[in-house]
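Remarks on the structure that follows.
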Amino acid sequence: MVSPMTASFPATAAARTLSGQILAIPMTVAIFSGAIALFANSFWLSAATSAIALSLSVAGLAILYGQLGLVSLCQFALVGVGGWVTLRVGHAFHPPFEVSLLAGGIVAAVVGLAFGLPALRLRGLYLALVTLMLAGAFQIIISAWGFPDGGSGFLGRADGAGRAMLSRPSIAGEAIPYFLYVNVFAALGLMIAQWHKLARPGRAWALIRKGETVAISAGVPVLVYKAWAFALSGFLAGIAGALLAGNVGQLDGRAFTSFESLNLFALAVVGGVYNWYGALIAGLLLRAIPALLTDLGIDGYVTIGIFGLALFQALATAPSGVAGQISGLLNRLRAHLGKSGAE
Amino acid sequence: MRHYLSGLAAGLALFLISTCGANAAASCGTDGSEAATGEPIVIGAITGKTGPDDFSNSTKAAKAYFDCLNAKGGIHGRPVKYLIEDDQWNPETAAQLAAKLVNDEKAVLMVGNSSFVECGANADFYKKSGIVVVAGVGVPRECFFAENYAATNAGPRASMLGAMGYALDQLKAKSVVCIGPNIPNVGTWSCDGIALLAKEKGFVAETILMDPGTADSTSTILQAAASKPDVIILGLPKGVTIPLLTAAEEQGLNQTVKFLSAASAYDLSVPGTIGPGWDGNFYVNMEFNDLEATTPDNQNWLAVMNEYGQTSDPRDTFAQAGYLAARIAEKALMSLDPKDVTRESTSAAIRQVKGFTSDIFCAPWYFGDSQPRHNANSTTRMAVSEGGKWKVISDCAPSPDPELADIRAFEKSIGLAP
Amino acid sequence: MTYLPFLISGLGIGAVYALSGVGLVVLFRATGVLNFAFGAVGALGAHVAWQMLEWRLPLAIAILAAVVVSALVSFLYGRLLAPLLSRRDTVVRAVGTLALALVLIAVMGVIWGEFPRRLQFPTDQMFLTVFGVRLTYTRILALLLAGLMVGAITALLSRTRLGLDMRALANDRDLSAILGVRIRHTETAAWVITGVFAGLAGLLLGDLVRLQGTFLTFLVIPAIAAAILGQLRSLWITATGGLAIGIAEAVLTPIAAISPYRAAAPFVIALIAVAILGSTAQAGLKDR
């Protein structure tokens with residue numbers, strides 16, 4: 001399914017809409033990041049950096065769920081995979097940050113593809129549960145391994161001395177430049193995802209969603225496009241993990257529980273999986289809302305409770321997520337403007 | 001419900017009468033008669049409150065002490081503005097909060113931090129920002145291997161080896177099984193210490209690492225018992241220690257093997273929770289003095305908690321750690337010109353702290369200027385579970401951890417140790 | 001080292017996994033909702049029981065209170081909130097229960113905090129010795145309870161009108177509605193039943209493992225592994241699978257290389273099962 005917004009446009013405008021829709025991404029991100037970089041303090045800058053990085057992994061989920069109707073409950077584990085590889089490569093070879101980042105993305109894409117293999121046969125809740133099992137197994141392994149911190153050996157754990165931190169890219173060492181740097185990658189990632197949705201792969205995915213037999217008879221290589229969706233989703237998660245690792249300089253094995261993956265999916269649905277800005281909204285909900293509650297000094301448990309209530313409220317009242325509501329509002333606004341312009 | 005509440009109130013009243021009756025009033029700072037009104041000195045703290053365990057008692061006690069200090073003249077008339085943040089056991093949150101306290105709130109010092117995840121996430125940031133941390137309770141290795149981070153507690157490894165020393169000297173143990181969590185820099189770090197000591201002193205040691213999230217404690221205990229050790233030594237959070245002890249009791253091991261634990265199990269509720277089956281069979285290391293010790297500084301801690309803390313704040317070993325951290329900070333700040341309290345001057349003053357004595361510590365506390373790592377508290381006591389309470393059974397003894405060699409050498413060089 | 005003692009030690013947890021797995025499957029079959037809040041609901045009940053025992057109320061009342069509270073919370077969610085999502089994807093409906101789990105974690109955190117607590121039953125002190133391992137009566141009770149509950153539910157499904165309705169719903173929801181099955185009524189009954197299962201599982205876990213809100217909440221994920229083994233349909237296979245998972249996790253203990261990772265056993269077993277059963281599962285688990 002192509003996003004409802006494009007569907008409502010006439011076919012002749014499709015090409016213009018495609019580039020327009022994709023260009024809207026860097027513009028929105030630029031305005032948003034500029035505002036944050038100018039006004040935010042260190043605390044909010046750090047929270048916003050995490051939020052933007054995580055929105056990339058949500059964009060991956062949105063492709064699987066929004067385009068193909070496939071549910072992955074191990075996306076946060078893939079974020080962990082990307083972060084692990086980035087740290088491993090970074091500490092072992094000290095390449096430029098971008099190289100470690102790409103390595104993280106690529107390995108996470110391969111792992112995501114492997115995790116997606118059962119999907120070639122499974123669908124719906126059963127697939128979701130299988131991926132949840134993967135997330136559960138990953139949790140046990142990563143909490144025992146930890147993340148590389150400059151030591152030797154395959155696991156790269158430092159013993160006896162302080163932990164080494166992964167250095168940030170040389171052009172973005174400080175908090176604000178790094179935040180902008182993350183935004184650039186986020187915009188690129190979201191544009192890649194959006195292009196996929198609007199161009200050929202998106203059409204293939206839409207057909208597959210309608211019915212695999214239909215897709216096959218239309219000459220779509222179903223397996224290839226499904227596998228590609230999983231790899232792309234894993235790649236985006238891996239990049240998110242790499243950007244997170246760069247933010248703090250390291251990661252902690254205990255932060256990658258299977259419950260986090262569940263949470264990520266829940267917020268992807270709340271943010272909205274049919275519009276590209278749903279991912280941004282989900283990222284903000286994941287990191288900025290808890291940061292706001294923390295900043296207000298609200299008890300951690302109360303925060304969890306508020307989060308739970310808000311989650312249910314959003315699920316029950318906004319089937320296409322917050323982004324879907326915004327999109328509906330924009331469409332109504334546009335229709336209204338069009339009408340008044342014609343008068 | 002009402003019955004419960006009235007019982008609680010009666011107990012509380014008794015408690016207050018008994019403690020207040022015996023104590024002098026809380027003493028803080030210069031014990032001035034007027035509250036401090038000058039420009040506040042900002043001190044930050046990060047603690048792990050929401051999550052698998054609640055570590056916030058350390059910051060609660062530090063807060064009580066600073067409140068007391070502010071009411072009694074502050075730092076030469078300047079009050080302390082103490083900001084506590086909850087990292088929710090998430091390193092990412094811990095990093096955000098550190099940025100908030102250090103960069104946004106412009107804290108000059110961090111005091112009383114007690115978190116499982118914070119040291120690893122922030123040690124580097126603190127060093128870069130030139131801010132010093134006088135932590136309450138440090139747990140993973142990173143807390144004791146950082147340049148700007150000095151905890152008042154001994155840490156799980158020193159504490160575990162303290163318990164091992166007791167097992168060797170007093171319980172005449174010849175073989176031991178060490179059980180730790182399979183989390184890097186915590187379980188492995190502690191159990192490696194036991195293995196190292198075993199090689200040095202020639203006893204038999206075996207290590208079992210377990211996933212702290214496992215629901216199956218019995219199997220871990222059976223595995224530990226299989227090699228028929230004299231003692232089993234635990235280095236786990238108290239939430240994991242209790243099910244292991246329960247499983248051990250189920251198997252009757254409390255009658256045949258002695259169990260010891262690092263200080264993480266030294267919590268007032270533990271002897272009551274594990275029950276009478278463990279009387280005289282479960283030993284625990286203590287990083288600080290007996291919680292009910294009648295020594296002057298310990299009594300002052302209790303008095304501060306009574307007058308300035310909440311009645312619900314636990315009077316536990318974490319609280320002792322936070323209280324001590326706050327007192328060390330106060331001592332350093334008092335040495336400064338009140339007009340010149342900056343991050344630089346405060347850090348320099350903390351670095352100079354040497355020979356800070358309190359009867360809650362076994363040995364004087366020092367920061368260790370220019371040292372790459374800090375572990376001033378490495379002399380500990382032991383207690384045993386008896387009748388629903390802890391009974392202190394040993395005098396202060398230095399932890400026999402071979403890894404403390406550099407610390408001991410430094411102590412010798414500054415004349416603290418013989 | 002012999003594996004037999006570990007076989008015995010795995011029975012207790014295995015029984016709880018079995019009980020939890022069956023509780024999940026009963027609800028899923030009747031309503032199509034996978035209950036991520038199962039662990040949290042049970043944990044709430046167990047905390048209530050602990051509180052009752054602290055107030056020196058009799059054990060029987062504490063146990064009853066735990067089960068009632070769990071069933072009540074489950075009932076309220078099933079009656080009032082779950083229908084709001086009834087027209088959505090299976091996965092979204094499951095995610096709705098995640099919200100319930102979060103709220104319950106918050107409630108337990110605010111009221112009881114994270115303290116290591118322990119529920120104790122008199123049966124903890126009585127035991128049989130098998131293969132040199134003591135098997136407490138609590139564990140035996142857990143096993144009996146698991147068997148009894150599965151038997152009772154099977155009887156309910158095959159002998160009663162409610163059971164017939166539940167099976168009809170599991171088979172074809174829309175057709176059942178047309179045929180006059182009281183959907184709301186039947187679904188609510190399933191929510192109450194799953195609440196009772198959760199309460200019992202929570203009590204046993206509070207005794208056998210530990211009483212800690214977040215910890216018990218997350219234990220739902222290995223229980224889901226048992227449900228996967230039963231392909232979310234068969235109660236007896238789910239129960240046996242849960243038991244097998246518990247035993248496997250325990251028996252891996254003496255293998256030094258695997259021991260630190262043995263908590264992953266439920267997930268790995270479930271994944272292997274899916275790899276083998278995949279094709280048949282596809283037939284059984286079409287999208288609802």
Side-chain angles (χ1 to χ4, degrees), chain A residues 65 69-74 115 117-141 143-145 257-259 261-263 265-270 273 299-317 319 321, chain C residues 28 32 34 36 77 81 84-85 87-111 113-114 213-214 217-218 221-222 224-225 227-228 231-232 260-271 274-275 278-279 281-282 284-288:
Chain A
Y65 187 53
L70 296 172
V71 178
S72 164
L73 296 181
C74 61
F115 280 13
L117 280 183
L120 304 178
R121 289 199 300 184
L122 301 172
R123 292 188 60 208
L125 185 66
Y126 215 59
L127 168 67
L129 294 185
V130 168
T131 54
L132 183 63
M133 295 297 109
L134 288 164
F138 179 81
Q139 169 187 346
I140 308 284
I141 292 170
S143 91
W145 283 12
T257 63
S258 44
F259 230 66
S261 284
L262 269 177
N263 218 351
F265 178 79
L267 286 183
V269 175
V270 170
V273 290
D299 179 83
Y301 285 110
V302 178
T303 305
I304 295 175
I306 294 174
F307 210 71
L309 291 175
L311 171 62
F312 193 89
Q313 163 72 15
L315 285 177
T317 57
Chain C
F28 181 77
L34 186 79
F36 284 128
Y77 182 85
L81 297 175
L84 298 178
L85 300 175
R87 287 284 140 204
R88 306 282 299 279
D89 268 17
T90 329
V91 185
V92 172
R93 299 168 71 190
V95 167
T97 62
L98 185 65
L100 174 64
L102 292 176
V103 171
L104 291 179
I105 286 178
V107 168
M108 289 184 280
V110 169
I111 300 181
E114 291 290 346
T214 40
T217 303
F218 295 158
I221 296 178
I224 289 176
I228 289 182
Q231 301 193 9
L232 295 170
Y261 306 106
R262 69 190 172 93
F267 314 117
V268 175
I269 292 172
L271 287 170
V274 169
S279 47
Q282 195 180 18
L285 269 144
K286 57 181 195 295
D287 268 358
R288 279 162 165 275

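Source: prediction; values computed, not measured. Every chain is numbered from 1 and lettered A, B, ... according to where its sequence line falls, protein lines coming before strand lines.
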With a 4.5 angstrom heavy-atom cut-off, could you sort out which part of A/Val130 is near chain C: side chain, backbone, both or neither? both
Structural part of A/Phe265 lying under 4.5 Å from a heavy atom of chain C: side chain
Taking all atoms of both residues into account, what is the closest heavy-atom pair of A/Met133 and C/Ala225, and its distance? SD-CB, 3.7 Å
Nearest heavy atoms of A/Ile140 and C/Phe267, plus distance in Å: CG1-CE1, 4.2 Å
Can you say whether [X] sits under 4.5 Å from chain A via the side chain, the backbone, both, or neither, judging by heavy atoms?
X	result
C/Ile221	both
C/Ile228	both
C/Leu81	both

Decide yes or no for C/Asp89 and C/Val95: does some side-chain heavy atom of the first lie under 4.5 Å from some side-chain heavy atom of the second? no
Taking side chain as C-beta onward, heavy atoms only, is A/Leu132 less than 4.5 Å from C/Phe36? yes
Under a 3.5 Å cutoff, is there a donor and acceptor pairing between the side chains of A/Ser258 and A/Gln139? yes
Comparing C/Gly213, C/Ala106, C/Ala270 against chain A, the one with the most heavy-atom pairs below 4.5 Å turns out to be C/Ala106
May I ask you to name which of C/Val91, C/Leu84, C/Val103, C/Ile224 has the most heavy-atom pairs under 4.5 Å with chain A? C/Val91
Roughly how far, to the nearest 0.5 Å, is CG of A/Leu262 from CG of C/Leu98? 5.5 Å
